[in-house]
Amino acid sequence: MLRPPKSAAAVGASLLVRAPRLRATEVGASTVHTAWIGLGANLGDAPAALAAAVQALGMLPGTQLQRCSRLYRSAPVDAGGPDYYNAVAQLQTTLAPLALLQALQAIEQAAGRERPYRNAPRTLDLDVLLWGEERIDLPQLTVPHPRLYERAFVLLPLAELRPCWASAAQLQAVAAQRIECLGAWDGLA
């Protein structure tokens, strides 16, 4: 079983310290949504970064981590650099979609994420993949994620948590992409 370094908890705590405070209008206490978040990283200690990000997700206001897929290692798609480590987390949240996106971007930034060019290697990448059964089409956010069905590193971990979102034909379409399941994380799967 893959175990993140002991420093992951400290990294997670530091990510939360820098997360933005959300206004009351960004948290709808009466409406709970299920969101699936794609996690990826290929710079630095990527497994530790993902473990810290999962901890930070579970500590967002109005948010509860439900479960997390196993950890995967995959070749970059449409990008260069070292292999990526990937997973998908399922959340219950009262945050509005754009408030969750803002919180994810703050976690990425706290982890040292830079965006020098499209598909650049990254210390942490967090994407809203699904928002319940809803479709969202805004300039800042499109859900389902527009490339969800093109990437094995999203489909395979998502299929663990939500099998109905990945048909056999969709999984076959990404079968040529190099990906390896590394197993469950302690306390996350």
Side-chain angles (χ1 to χ4, degrees), residues 33-44 46-47 49-51 53-54 56-57 60 63 65-91 93 95-109 111-182 188-189:
H33 302 278
T34 302
W36 286 266
I37 308 301
L39 299 96
N42 74 334
L43 294 178
L50 296 186
V54 168
L57 290 172
L60 290 173
T63 302
L65 176 68
Q66 296 294 296
R67 55 195 180 138
C68 192
S69 72
R70 294 178 290 173
L71 185 65
Y72 289 80
R73 182 173 47 221
S74 64
V77 175
D78 299 329
D83 283 355
Y84 277 84
Y85 288 82
N86 304 95
V88 170
Q90 179 182 338
L91 308 177
T93 187
L95 294 174
L98 291 179
L100 180 60
L101 177 64
Q102 177 189 16
L104 297 181
Q105 290 171 342
I107 293 169
E108 289 176 339
Q109 186 174 16
R113 170 79 188 263
E114 296 178 357
R115 299 173 190 266
Y117 55 89
R118 182 173 159 78
N119 295 329
R122 52 205 68 173
T123 55
L124 183 62
D125 185 29
L126 301 172
D127 292 318
V128 179
L129 303 175
L130 298 171
W131 189 267
E133 303 294 326
E134 296 180 39
R135 294 194 177 279
I136 301 171
D137 191 9
L138 299 170
Q140 314 92 311
L141 180 63
T142 302
V143 175
H145 190 283
R147 290 171 299 288
L148 186 148
Y149 297 109
E150 300 171 9
R151 291 172 159 77
F153 65 81
V154 173
L155 276 181
L156 270 62
L158 179 60
E160 289 181 28
L161 305 180
R162 188 109 195 254
C164 65
W165 275 90
S167 70
Q170 290 164 333
L171 292 169
Q172 183 59 37
V174 299
Q177 295 176 20
R178 184 172 57 80
I179 186 166
E180 172 189 6
C181 181
L182 301 175
L188 299 179

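Looking at residues two or more places apart in sequence or on another chain, you find a side-chain contact (heavy atoms from CB on, under 4.5 Å) between A35 and I37, L100, W131. Residues forming a salt bridge (Lys or Arg N to Asp or Glu O under 4.0 Å) with D125 (at least two apart in sequence, or on another chain): R113, R122. With sequence neighbours left out, E180 forms a salt bridge (Lys or Arg N to Asp or Glu O under 4.0 Å) with R73. Checked against side-chain hydrogen bond (donor to acceptor under 3.5 Å, both in side chains), W165 has no partners two or more places apart in sequence or in another chain. A search for side-chain contact (heavy atoms from CB on, under 4.5 Å) contacts involving A159 returns A166, not counting sequence neighbours. For Q170, the side-chain hydrogen bond (donor to acceptor under 3.5 Å, both in side chains) test picks out S167, with sequence neighbours left out. Residues that satisfy the side-chain hydrogen bond (donor to acceptor under 3.5 Å, both in side chains) test with T63, not counting sequence neighbours, are T93. Residues forming a ring pair (Phe, Tyr, Trp, His ring centres under 6.0 Å) with H145 (at least two apart in sequence, or on another chain): none. Residues that satisfy the side-chain contact (heavy atoms from CB on, under 4.5 Å) test with Q140, not counting sequence neighbours, are L98, L101, L138. Looking at residues two or more places apart in sequence or on another chain, you find a side-chain contact (heavy atoms from CB on, under 4.5 Å) between A75 and D83, R178. In terms of the side-chain hydrogen bond (donor to acceptor under 3.5 Å, both in side chains) criterion, residue partners of E133 (sequence neighbours excluded) are, by chain and number, R162.
One distance of note links OH of Y72 with CD1 of I179; it measures 6.5 Å at 0.5 Å rounding.
Here the shortest heavy-atom pairing between L130 and P144 reads CD2-CB, 3.7 Å.
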Hey, mind stepping through L148 and D127 against side chain to side chain contact (heavy atoms under 4.5 Å, CB included) and telling me if it holds? CA-CA 10 Å; L148 186 148; D127 292 318; over 6 Å; no
